[in-house]
Amino acid sequence: MNDLIEDIRKALGVYDGEKCEELAKKALEIKINPIEVIGALRKDLEELGKKFSEGEVFLIDLMGAADAMNSALTVLKPAIEEMGGAEKRGKIVIATVEGDIHDIGKSIVGSMMVSAGFEVMDLGRDVPNEKIIETLKKEKPDLVGVSAMLTTTKEKQKELVELLKKEGLREGVKVMVGGAPVTEEWKSKIGADGYGEDAVDAVNVAKKLLSL
Amino acid sequence: MRRGVKGRGFGVLTEEQIREIHHGVLQVLETKGVKIENKDVLDLLRENGCTVDFEKQIVQIPGYLVEECIKKAPSCIRLSGRNKENDIIMESGRSYFGEGCGSMNVLEYGNTLRKPVKGDLEKAAKLGDALPNIDHVWGLYSLPDDPLLGLHELDAVISNTTKHCCILNWYGRDLVSRQIEMIKLVAGGEKELRKKHLVTLYSEPTSPLIFGKDFTEAIIEWSNYNQPVIWYPAQKPGATSPVTLAGTLIQGFAESLGGNVIVQLNNPGNPFIAGVSPLTMDLRTGMNTYFSVETLLIQSAAGQMGELYRTPIFGTGGCTNSYYLDTQMGVEAALSLYGSAMSRQTLIHDIGMVGAGDAGSLELVTLCDELIGMIKRVEKGIETNEETLALDIIEKMDYGEDFLRLAHTRKHMKDEHFLPQLLKRIGMKDRKEENTTISTAHKRTEKLLKEHEVEPLPQDVKKRITEIIEESKVK
């Protein structure tokens with residue numbers, strides 16, 4: 001068993017998503033505890049995240065590692081849920097708002113959140129608020145983060161907060177906003193909980209909001 | 001007419017490489033295609049020989065159409081100012097300089113940051129009008145919380161300069177049509193609007209290879225009125241384009257020329273300014289940059305592609321990653337400005353942008369005005385004629401005699417030597433804060449803003465423009 005966990009950790013270490021996926025499947029086959037596998041990978045990823053903040057590891061490495069992690073997670077998730085879920089680290093839903101197709105910033109945030117140990121569901125770009133609400137009802141995340149690149153589309157962030165209130169969901173989820181035209185003032189103005197100036201900042205704010 | 005600068009052409013690519021990149025561009029457009037989120041445009045492209053997947057919104061543009069449209073794009077465009085003497089001629093090889101746009105903070109002289117108000121855009125425009133080496137005027141700042149930003153930006157710029165104007169913001173057909181209305185008023189009618197090109201619009205694809213709905217609508221609407229457009233991919237190598245510079249150039253120019261196809265099919269002969277952004281992302285951290293060494297390489301290559309296509313090329317220079325009026329600012333603004341001019345980029349913008357686009361500095365704009373003066377001197381080169389070879393002067397002088405007193409020296413000094421006002425040379429005894437370049441730039445900025453007078457818009461035009469803005473608010 002240790003061999004497989006060693007191997008999958010090695011695969012993560014060289015950002016080999018395909019290998020991670022393959023070994024994750026093998027883990028299920030030979031009945032290795034998937035929570036232990038993910039636990040080991042999460043620790044390595046957190047270590048990587050620390051090195052990133054110290055400038056020793058680059059963003060592109062982190063993104064590669066997060067991708068590899070996601071490959072393993074996709075395979076192991078159903079088994080983990082069957083066992084009652086893994087250690088609660090925080091579940092986050094992220095999206096670029098409706099009418100906006102810029103998502104490189106959000107993608108970077110997503111990967112960094114994965115490295116920080118969060119479970120991240122990325123809804124993609126041009127996502128209507130209705131879809132976000134639907135997802136929130138189904139997935140019950142701890143935090144939702146929405147990104148807007150244009151001065152016009154950031155209005156959708158305001159609408160989301162209002163919709164959450166209307167649906168009685170506001171209290172149950174933390175809301176973060178981000179993107180080029182977004183500011184701390186805008187976050188306060190629309191009644192969101194957090195704003196990250198860049199991806200690193202976003203992760204720190206998320207951690208604080210979820211008391212982690 | 002303003003003459004701009006004829007760049008020397010610092011070309012990093014060989015002829016062979018230029019061809020390779022162009023072939024790559026054609027291949028991407030023909031085989032991979034672009035995603036265009038606009039049904040009208042998809043129809044237009046289908047009607048003109050493109051393969052369109054309407055469901056996925058993907059268009060493959062055949063090479064012959066790309067090249068036909070390159071030919072249709074005018075090689076020589078006159079961009080006008082309210083004062084005809086400020087007209088500029090866009091043609092490859094000639095460079096014109098302008099400020100940046102869209103920054104959300106004012107970097108003040110004391111290195112503090114604050115939020116901009118409309119008055120800041122007006123000041124930026126006025127400064128651009130006053131500075132002798134600024135050729136086209138932009139607003140430098142943004143008003144991100146104002147839904148009528150596009151109208152305010154246009155109003156601020158066109159009211160405070162008689163040079164050619166450029167704007168960043170539109171968003172939505174409704175706003176664009178009001179902007180057209182405003183420009184029509186200044187031009188003096190529909191016919192004049194189409195002939196005179198008073199305002200250029202900036203728009204962009206979303207890399208990699210997506211032409212967003214609103215952005216595409218903007219260039220369609222703008223070209224419906226024969227107005228000049230810039231279509232400028234802002235791909236970040238390694239993030240939204242291949243990490244390699246050659247791959248970035250291919251993708252970028254595919255996006256740029258894809259935009260040209262749309263514009264030329266919509267309005268054959270519409271003024272179009274091509275190019276690719278030379279700005280990169282720091283892949284160590286994910287921070288966007290407003291200068292890197294790669295910037296210099298991409299600028300150079302983009303200028304060369306512009307020579308091949310004989311279209312004007314949009315350029316970036318006079319900007320910095322620094323959030324302070326400091327060494328980094330000086331280095332990066334100078335290198336990027338010099339690089340863009342030497343690369344023969346045509347419409348060079350972003351002067352005054354600091355903090356990698358987060359803020360704008362009027363002092364930096366003023367400093368860049370002097371840098372452009374220096375660039376112009378480099379462009380002038382070294383004149384060789386009887387007078388300048390000075391053989392008879394050398395002959396006449398006694399061994400060891402000084403040249404300071406000569407009429408020849410007095411006669412040629414101003415032509416041969418650039419006389420900087422800001423980058424001063426002072427002695428030890430005059431070494432004090434108030435004599436630093438940035439302090440002098442600040443004083444010059446203040447003086448110009450105080451003393452410079454811009455010919456105002458005719459009263460009835462200004463009144464109607466203000467009404468249009470008010471009417472838009474009511475909505």
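All chains are named by letter (A, B, ...) in the order of the sequence lines, taking the proteins before the strands, and each is independently numbered beginning at 1.
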What pairs of donor and acceptor atoms, side-chain ones from residues 47-64 of chain A against any protein atom, are under 3.5 angstrom apart with sequence neighbours left out?
residue: A:Ser53; atom: OG; partner: A:Lys50; partner atom: O; Å: 2.7
residue: A:Asp61; atom: OD2; partner: A:Phe58; partner atom: N; Å: 3.1

By a 4.5 Å heavy-atom criterion (distance strictly below it), what part of B:Lys115 contacts chain A: side chain, backbone, both, or neither?
side chain
Examine whether an atom of B:Asp145 lies under 4.5 Å from a heavy atom of chain A, and if so say whether it belongs to the side chain, the backbone or both; otherwise answer neither.
both
What's the shortest heavy-atom distance between B:Leu143 and B:Val117, and which atoms?
CD2-C, 3.6 Å
Please classify the contact of A:Ile108 with chain B as side chain, backbone, both or neither, using a heavy-atom distance under 4.5 Å.
side chain
Does a donor on one side chain sit under 3.5 Å from an acceptor on the other, for B:Ser241 and B:Thr248?
yes
State, without any angle test, whether A:Thr153 and A:Asp100 hold a side-chain donor-acceptor pair at a distance under 3.5 Å.
yes
When only pairs under 4.5 Å are counted, which of B:Leu283, B:Ile210, B:Asn288 shares the most heavy-atom pairs with chain A?
B:Leu283
Tell me, for A:Glu155 versus chain B, whether the close heavy atoms (under 4.5 Å) come from the side chain, the backbone, both or neither.
neither
Over 12 non-hydrogen atoms of neighbours within 6.0 angstrom of NZ in B:Lys213
no
